[in-house]
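Shown next, in structure tokens, is the structure this report addresses.
Chain naming here is simple, since letters A, B, ... match the order of the sequence lines and numbering starts at 1 in each. No experiment lies behind these values; they were computed from the predicted model shown.
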2 protein chains.
Amino acid sequence: MNLTIAEENYIKAIFHLQQAEGNVSTNQLAASLHTKPASVTDMLKKLTIKSLLNYEPYQGVRLSKDGKKQALNIVRKHRLWEFFLVDKLQFGWDEVHEVAEELEHVRSKKLVDKLDSFLGHPKFDPHGDPIPDSNGNMVTIRQFNLIDIKISTIVEVCGVGSQSAELLELLRHKNIGIGTVLKIIRKFDFDHSVEIQIKNSDHINISQQLAQALFVKLI
Amino acid sequence: MNLTIAEENYIKAIFHLQQAEGNVSTNQLAASLHTKPASVTDMLKKLTIKSLLNYEPYQGVRLSKDGKKQALNIVRKHRLWEFFLVDKLQFGWDEVHEVAEELEHVRSKKLVDKLDSFLGHPKFDPHGDPIPDSNGNMVTIRQFNLIDIKISTIVEVCGVGSQSAELLELLRHKNIGIGTVLKIIRKFDFDHSVEIQIKNSDHINISQQLAQALFVKLI
DNA sequence: AATTATTTTTAGATAAATCTAAATAAATAA
DNA sequence: TTATTTATTTAGATTTATCTAAAAATAATT
């Protein structure tokens, strides 16, 4: 089934809204898509005919199995492109969303799969959200960027933002790897560097760039 | 000025057609865009109002200065994405056109410029067509793929399809570089390899993969 | 429970990009 | 030069995704 860009945007919005709440209401969707409730009703009818969602007038909607599959594919593309923009093109992780909103609509299965390989099959996007694989499966835990963790928190490293040799060299030197447990000691505003402590050893300093390349989970 | 995708496709088609011929006719455009002449007339009027082209009923069109600028930007994006697909994602040079047709419409100046840097500011796309820089300037000579050159032709190497270490190693070994003058001696259908002669030295054999990575100009 | 407020849907309109069929202009051939 | 063919434009219709305004359904409040 080939969806228009507008249809894809509705499917994606419903997907994200139904994660939090149960059924998604017309008004919620209108707000999320910056459109009017009347327009939403029209589109919901259209997507119902395409059996992408289950819609009862006045009752809100949920995605069908097929709709969820479509949504996961769009989310996959969005997050892979975000990873590409940050890891390869040196975008800041806070400025990639808009561009990925456009790139996610490019339709070519081959492109997505080759991009995935090129990036080294990343499991999380630059915001720490999991990237679905080509079957729509994804890791369920939420990753955080080390730079966003509050002082005194103890976390476990569970991912890195890139597979570059340079990053891996630095991580080996600092004795940090997947599974490393560390505590945030202090954060410096001047250069956004972070002081951490691994186990009971000495405090070490992590640069902004490195902190942004490290994904951690709360333990 | 922000153009729709349809408008961009018209501007690009006119740009390519007016290179060859002088004024571009309604029927030519309809054929090139797989649409009907009546639709073309409508769009030409719209683009005239936006002063992207000079249109006199029944006389065909030419792009205005502004239209040409827009066209060069679209062509730039198209060719940079083609280069990316071949050089980074391992697409064949014959299968990138369609995907690039979609990628070229993503609007973000920053994206294009960063992509350009990431790719090493390539001067030619995988088909040997020149890539305009961000000011719309491009090299005027036409490059050919070595694999497309006829037997007995003498050519000069003027570009390579990628900057990979592997390619450069092979080229050094075979003593081929930018500026190397060579003659096509023979072509083998079985593996599409090419026999060449550099200066007056012995004949050497070039694999299909290598021939496709070499751009040459006629001298 | 009745009234009021909110949410959602319907009805009808608009803009963009396309189409078909008919009319008109330009080019070609007898 | 007139007739015929071809190219182009106009007129009116269609589809998609929007909108506004009004009606209908649901939820909240007195």
Side-chain angles (χ1 to χ4, degrees), chain A residues 1-15 17-18 20-63 67 70-71 74 101-102 104-105 107, chain B residues 1-15 17-18 20-63 67 70-71 74 101-102 104-105 107:
Chain A
M1 171 125 39
N2 244 5
L3 304 184
T4 65
I5 291 177
E7 288 169 338
E8 289 194 344
N9 284 333
Y10 272 85
I11 293 293
K12 194 177 49 144
I14 296 167
F15 177 81
L17 289 171
Q18 80 176 26
E21 331 259 331
N23 276 23
V24 180
S25 75
T26 303
N27 265 6
Q28 274 181 299
L29 268 171
S32 162
L33 292 161
H34 305 106
T35 182
K36 296 290 177 291
S39 311
V40 173
T41 302
D42 287 348
M43 183 59 95
L44 292 183
K45 287 182 190 164
K46 220 176 102 191
L47 295 174
T48 301
I49 292 167
K50 297 194 172 192
S51 15
L52 292 166
L53 42 82
N54 301 112
Y55 162 67
E56 298 270 343
Y58 297 100
Q59 300 311 127
V61 286
R62 311 219 85 211
L63 291 178
Q70 298 278 357
I74 303 164
E101 286 289 286
E102 292 198 52
E104 76 191 358
H105 299 297
R107 314 154 208 295
Chain B
M1 174 124 39
N2 245 6
L3 303 184
T4 66
I5 290 177
E7 288 170 337
E8 288 194 343
N9 284 333
Y10 272 85
I11 293 293
K12 194 177 50 144
I14 296 166
F15 177 81
L17 289 170
Q18 80 176 25
E21 330 260 328
N23 276 22
V24 180
S25 76
T26 303
N27 265 6
Q28 274 181 299
L29 268 170
S32 161
L33 292 161
H34 305 107
T35 182
K36 297 289 179 288
S39 311
V40 173
T41 302
D42 287 348
M43 184 59 95
L44 293 184
K45 286 181 189 163
K46 220 176 100 190
L47 294 174
T48 301
I49 292 166
K50 296 193 171 191
S51 11
L52 293 165
L53 42 81
N54 301 112
Y55 162 68
E56 298 270 343
Y58 296 100
Q59 301 311 127
V61 286
R62 312 220 83 210
L63 292 178
Q70 298 277 356
I74 303 164
E101 286 290 284
E102 292 198 54
E104 76 190 359
H105 299 296
R107 312 152 209 296

P37(A) vs L44(B), nearer the 5' end of DNA chain D by closest nucleotide: L44(B)
OP1 or OP2 of dT9(D) under 4.0 Å from side-chain N/O of K45(B): no
Gap between atoms CD and C1', on Q59(B) and dT9(D) respectively (whole Å): 13 Å
Integer-rounded Å distance: dT16(D) P and L3(A) CG: 13 Å
Among dT8(C), dT18(C), dT20(D), the nucleotide that comes nearest once only the side chain of K36(A) is considered: dT20(D)
Any Y10(A) side-chain N or O less than 4.0 Å from OP1/OP2 of dT18(D): yes
Rounded distance (Å) that lies between atom P of dT16(D) and atom CG of N9(A): 17 Å
Nucleotide nearest M43(A) (side chain, heavy atoms from C-beta), chosen from dT18(D), dT10(C), dT18(C): dT18(D)
Phosphate contact (dT8(C) OP1 or OP2) by N27(A) side-chain N/O below 4.0 Å: yes
Closest to the D42(A) side chain, choosing from dT9(C), dT18(C), dC19(D): dC19(D)
Check: N23(B) side chain, Q59(B) main-chain N or O, donor-acceptor pair, under 3.5 Å: yes
Separation of dA15(C) C1' from N2(B) CG (nearest whole Å): 17 Å
Contact under 4.0 Å: T35(B) side-chain N or O vs dC19(C) OP1/OP2: yes
Candidate nucleotides dC19(D), dC19(C), dT8(C), ranked by approach to the side chain of T41(A) - the nearest: dT8(C)
Sugar-phosphate only, base, or nothing, as touched by S39(B) at under 4.0 Å among non-hydrogen atoms: base
Nearest-Å distance for atom pair CD/C1', residues E56(A) and dT7(C): 17 Å
Side-chain donor or acceptor of Q18(A) paired with backbone N/O of L63(A) under 3.5 Å: yes
Taking every non-hydrogen atom, the tightest pair across E7(B) and K50(B): OE2-NZ, 3.1 Å
dT8(D) OP1/OP2 closer than 4.0 Å to side-chain N/O of Y55(B): no
Residue from L17(B), T41(B), T35(B) passing side chain to side chain contact (heavy atoms under 4.5 Å, CB included) with L29(B): L17(B)
Watson-Crick or G-U counterpart of dT16(D), or none if no pair lies under 3.5 Å: dA15(C)
Residue pair E8(A) / H105(A): nearest heavy atoms and the distance that separates them: OE1-ND1, 2.5 Å
Closest listed nucleotide, where the reference is the side chain of Y58(B) and the choices are dT8(C), dT8(D), dT9(C): dT8(D)
Short side-chain N/O contact to dT16(D) OP1/OP2 from T4(A), under 4.0 Å: no
Between C1' of dA27(C) and CG of N23(B), the distance in whole Å: 16 Å
